Amino acid sequence: MVGLVELARNGLVLGAVYVIGQILYNLFLHPLRKYPGPLAYRMSVIPRSWYQLQGLLPFEVDKLHKRYGPVVRVAPNELAFSSPQAWRDIYGHKKSGEEEFPKYDGVYKIFDWLPTSVINADRQDHGTLRRQMSHGFSDRSMREQEPIIGSYVDLLVSRLRDAVKVNSSQNLREWYNYTTFDIIGDLSFGVDGGFGCLANSDYHPWIKLISKAIHQNAIIQGLIRLGLRRPIGWIGKSGMLAENRNRAIVWEKVGQRMQGGERPDFLEGLLRKKEELKLDQAAVTVNATVLIIAGSETTATLLSGATFLLTTHPEVLHKLEQEVRSAFKSDEEITLSSVSNLTYMLACLNESLRRYPPVVGSLPRQAPKGGAMVDGKFVPEGNIVSLYQYAVNHDAHYWNEPYKFAPERWLGDSNYKSDQLDAMQSFSVGPRNCIGKNLAYAEMRLILAKIVYNFDMTLADDSRGWLDDQRAYIVWEKPALNVHLKPVVR
Ligand code: HEM
């Protein structure tokens with residue numbers, strides 16, 4: 001008994017010595033010791049993980065930049081930057097001989113037994129995968145996809161017309177999700193009717209699973225920073241996570257798609273070269289999973305944000321209505337190509353991307369071998385660097401009235417002439433930027449134009465505080481967005 005007590009006491013003393021030693025190292029000897037940040041963040045990773053697990057990290061980092069400037073030490077081994085130059089230095093194309101900043105595997109490669117996907121491949125594999133996938137995003141593919149996308153947006157409008165006969169207040173968060181998931185389901189797997197969300201006015205159970213997987217993933221990322229990588233790996237292997245079940249469904253869908261013929265969808269480019277690139281069903285599955293998650297929730301999120309911001313700024317909404325309603329004589333004239341002429345609408349979408357960035361947090365990278373310069377500061381090898389989109393999009397160094405919703409800033413208004421528009425990079429920059437950027441803009445423009453053309457929108461009272469207190473677990477956790485819709489009579 002005495003021996004056990006002694007052992008426990010020695011264990012505690014040793015543990016305390018280790019923790020104190022680690023704290024002293026982080027404060028006085030760590031290669032990032034000279035960078036500014038709150039004492040608690042420089043000492044330990046706990047505060048950062050705490051905010052991450054609460055879904056509050058992007059907003060906390062926003063506050064830290066306001067206090068400490070364009071570079072802040074947000075954990076002993078991690079720096080957050082906020083500047084247009086940092087975007088280019090961390091994520092941009094490198095000159096020949098220069099090393100890329102590799103993606104931080106505590107976020108991108110949590111389960112290292114899975115095949116590589118486009119989002120986490122190393123530089124060489126990424127180039128090959130991205131080239132093959134880019135066929136599905138070419139101008140030609142988008143022209144071929146136009147009728148498919150258009151048919152879902154038309155279905156959205158007609159389903160909404162029916163729904164408002166029963167109740168003028170509609171939860172547009174759901175309707176946007178139905179539409180973007182149906183489109184991505186169709187364009188990824190060739191499933192007619194997508195996931196059938198619009199047809200049934202309900203979520204396919206798979207989509208609920210995807211949302212759960214994203215949320216779980218955010219928690220897992222926070223726990224990995226606390227040193228719990230190994231137990232997370234065991235849980236992942238045991239198949240208990242939403243992510244495991246999600247991948248099993250994608251696997252099955254990919255299997256069906258692999259039996260089918262040629263089709264202008266996102267998997268076609270990969271499937272055409274599957275033997276040459278040694279892509280088996282598991283490898284296609286991880287890539288298809290990335291497409292489904294990256295291509296649906298993001299676009300729907302932005303549309304929800306834009307709708308909230310427009311309905312809470314009636315003068316902006318009114319201007320947008322004038323632009324859209326005077327540009328077209330009929331609903332049929334509104335197409336993927338014709339909406340590209342709506343300049344005020346593009347400014348509204350860009351301003352929504354700034355105020356409510358769908359990828360609200362950071363895209364962590366590690367300083368390459370030998371270290372590298374970021375915005376004029378040296379970052380030693382292996383340390384984590386990133387920009388937090390919410391923070392840089394609201395940084396008063398780059399934006400006049402950063403919290404004001406002002407589409408005019410994107411149209412050369414003199415009040416905003418000092419704005420540095422390249423501080424916002426919602427789709428990231430460089431070789432790992434968003435492959436679906438053009439498609440996302442096309443979808444967002446078409447959907448918003450059709451909604452504004454067909455309906456007068458007024459925010460319902462129960463959604464007035466929609467943006468207050470939202471949390472961010474990789475993407476925003478959005479409450480219902482109820483909007484009264486009144487069909488426009490022509
Ligand atoms: C508003 C909508 C969207 C936003 C804001 C957005 C944003 C981003 C960002 C910031 C990245 C970089 C991720 C990183 O560095 O880890 C990314 C990558 C990616 N996005 Fe998007 N995205 C959107 C829509 C889409 C759509 C519609 C698709 C496909 C249908 C898509 C597919 C992808 C893929 C496959 C990647 C990985 C590219 C690579 O690593 O080469 N995204 N996106």
Side-chain angles (χ1 to χ4, degrees), residues 87 90-93 100-109 116-138 141-142 145 148-149 176-177 179-189 194 217 221 264-267 269-270 286-306 346 349-350 352-366 385-390 392-393 424-448 474-476:
W87 273 117
I90 298 174
Y91 304 95
H93 287 279
E100 255 180 28
F101 285 61
K103 290 189 167 184
Y104 168 56
D105 65 5
V107 164
Y108 289 95
K109 220 164 181 6
T116 302
S117 75
V118 68
I119 199 98
N120 64 15
D122 62 24
R123 188 174 188 167
Q124 200 174 344
D125 287 348
H126 174 260
T128 315
L129 281 170
R130 173 117 179 179
R131 247 189 318 283
Q132 280 318 114
M133 282 176 108
S134 61
H135 295 298
F137 295 90
S138 65
S141 292
M142 263 182 62
Q145 291 156 0
I148 301 179
I149 298 171
Y176 291 143
N177 267 328
T179 314
T180 59
F181 271 103
D182 274 351
I183 293 174
I184 207 82
D186 193 320
L187 293 183
S188 300
F189 301 116
N217 211 286
Q221 289 175 16
D265 64 21
F266 300 143
L267 296 188
L270 289 181
V286 289
N287 284 293
T289 310
V290 169
L291 281 170
I292 293 277
I293 295 176
S296 48
E297 182 71 36
T298 44
T299 315
T301 293
L302 191 276
L303 284 165
S304 295
L346 180 59
L349 288 170
N350 280 333
S352 305
L353 282 166
R354 188 184 70 81
R355 286 285 289 109
Y356 193 70
V359 181
V360 51
S362 72
L363 310 166
R365 305 291 194 260
Q366 281 176 289
V385 288
S386 69
L387 285 94
Y388 284 71
Q389 292 208 20
Y390 185 84
V392 68
N393 288 3
M424 181 180 97
Q425 298 295 349
S426 316
F427 298 88
S428 189
V429 293
R432 316 293 290 240
N433 76 345
C434 179
I435 199 172
K437 178 177 175 180
N438 290 344
L439 175 70
Y441 267 114
E443 264 187 70
M444 294 184 306
R445 286 162 138 174
L446 185 62
I447 293 172
L448 189 58
I474 302 182
V475 292
W476 296 84

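These values consider heavy atoms only, across backbone and side chains, with no hydrogens, waters or symmetry-generated copies. Order of listing sets the numbers, starting from 1, for every ligand and every atom in it. Here the structure is a predicted model, which is why all the values come from computation and not from measurement. One-based numbering along the sequence shown.
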Exercise for review: Taking the side chain as every heavy atom from C-beta outward, state whether Leu267 and Leu291 have any pair of such atoms under 4.5 Å apart.
Suggested key: yes
Exercise for review: Specify side chain, backbone, both or neither for Phe137, according to which of its non-hydrogen atoms lie closer than 4.0 Å to ligand 1.
Suggested key: side chain
Practice item. Starting from atom 12 (C) of ligand 1, locate the nearest protein heavy atom and write down its residue, its atom name and how far away it is, to 0.1 Å. Key: Arg432 O, 3.7 Å
Practice item. Using the side-chain contact (heavy atoms from CB on, under 4.5 Å) rule, take Val286 and Thr116 through it: C-alpha gap first, then chi angles, then the decisive distance, then the call. Key: CA-CA 7 Å; Val286 289; Thr116 302; over 6 Å; no
Revision key, fill the gap. If you scan protein heavy atoms around atom 23 (C) of ligand 1, the nearest is Thr298 OG1, 3.5 Å
**Study point:** Heavy-atom check, side chain of Leu363 versus side chain of Ser428, under 4.5 Å
**Key:** yes
Review point. What atoms of ligand 1 come within less than 4.0 Å of a heavy atom belonging to Ile435?
Key: 32 (C), 33 (C), 34 (C), 35 (C)
**Study point:** Those atoms of ligand 1 less than 4.0 Å from some heavy atom in Arg365
**Key:** 14 (C), 15 (O)
Review point. Using the benzene-type ring in the case of Trp, are the ring centres of Phe266 and Phe137 under 6.0 Å apart?
Key: yes
Check your understanding: What protein heavy atom is closest to atom 13 (C) of ligand 1, reported as residue, atom name and distance in Å?
Key -> Leu363 CD2, 3.9 Å
**Study point:** Ile119 and Arg432, any side-chain heavy atoms less than 4.5 Å apart
**Key:** no
Revision key, fill the gap. For Ala440, the ligand 1 atoms with a heavy-atom partner under 4.0 Å come out as 2 (C), 24 (C)
Review point. With backbone taken as N, CA, C and O and side chain as the heavy atoms from C-beta onward, which portion of Lys437 lies under 4.0 Å from ligand 1: side chain, backbone, both, or neither?
Key: neither
Review point. How close does the nearest protein non-hydrogen atom get to atom 20 (N) of ligand 1, and which residue and atom is it?
Key: Cys434 SG, 3.2 Å
Review point. Which part of Thr301 is near ligand 1, with near meaning a heavy atom under 4.0 Å away: side chain, backbone, both or neither?
Key: neither
Practice item. Give the numbers and elements of all ligand 1 atoms closer than 4.0 Å to a heavy atom of Phe266. Key: 30 (C)
Point to revise | Atoms of ligand 1 close to Leu439 [distance to a heavy atom under 4.0 angstrom, numbered from 1] | key: 30 (C)
Exercise for review: State, to 0.1 Å, how close Ser386 and Ser362 come at their nearest heavy-atom pair, and which atoms those are.
Suggested key: OG-CB, 3.2 Å
**Study point:** Test item: Arg131 and Thr128 side chains (from C-beta on) under 4.5 Å apart, heavy atoms
**Key:** yes
Practice item. Can you sort out which atoms of ligand 1 are near Ser426, meaning under 4.0 Å from one of its heavy atoms? Key: 5 (C), 7 (C), 10 (C)
Check your understanding: Heavy-atom contacts under 4.0 Å between Val359 and ligand 1: side chain, backbone, both, or neither?
Key -> side chain
Practice item. Evaluate the ring planes of Phe427 and Tyr441, with Trp represented by its six-membered ring, and classify them as parallel (under 30°), tilted (30 to 60°) or perpendicular (over 60°). Key: tilted
Review point. Has ligand 1 got any nitrogen or oxygen that is less than 3.5 angstrom from a nitrogen or oxygen of Arg130?
Key: yes
Review point. With a 4.5 Å heavy-atom cut-off, do Glu443 and Thr180 have their side chains touching?
Key: yes
Review point. How far is atom 4 (C) of ligand 1 from its nearest protein heavy atom, and which residue and atom is that?
Key: Phe427 CE2, 3.4 Å
Review point. Could you go step by step and tell me if Met444 and Tyr176 meet the side-chain contact (heavy atoms from CB on, under 4.5 Å) rule?
Key: CA-CA 10 Å; Met444 294 184 306; Tyr176 291 143; over 6 Å; no
Practice item. Give the numbers and elements of all ligand 1 atoms closer than 4.0 Å to a heavy atom of Ile184. Key: 30 (C)
Check your understanding: Is there a side-chain contact between Ile183 and Thr179 (heavy atoms, below 4.5 Å)?
Key -> yes
Point to revise | Contact partition for Lys103 relative to ligand 1, non-hydrogen atoms under 4.0 Å | key: side chain
Review point. For His126 and ligand 1, does the shortest N/O to N/O distance drop below 3.5 Å?
Key: yes
Study note, to complete from the structure: When distances are taken from atom 40 (O) of ligand 1, the protein heavy atom at minimum range is Val118 O, 3.4 Å
Check your understanding: Is any side-chain heavy atom of Val385 closer than 4.5 Å to a side-chain heavy atom of Gln366?
Key -> no
Practice item. Kindly say whether Lys109 contributes a backbone atom to a donor-acceptor pair with the side chain of Asn120 at under 3.5 angstrom? Key: no
Practice item. Identify, for atom 32 (C) of ligand 1, the protein heavy atom at the shortest distance, and state residue, atom and that distance. Key: Ala294 CB, 3.7 Å
Practice item. Side-chain contact test, heavy atoms from C-beta onward, threshold under 4.5 Å: evaluate it for Gln389 versus Ser426 and give yes or no. Key: yes
Practice item. With heavy atoms of Gly295 as the reference, note each atom of ligand 1 found under 4.0 Å away. Key: 25 (C), 26 (C), 27 (C), 28 (C), 29 (C), 30 (C)
Check your understanding: Which residue supplies the protein heavy atom nearest to atom 37 (C) of ligand 1, what is that atom called, and how far is it?
Key -> Ile119 CD1, 3.5 Å
Review point. Is Tyr108 close to ligand 1, meaning an N/O of one under 3.5 Å from an N/O of the other?
Key: yes
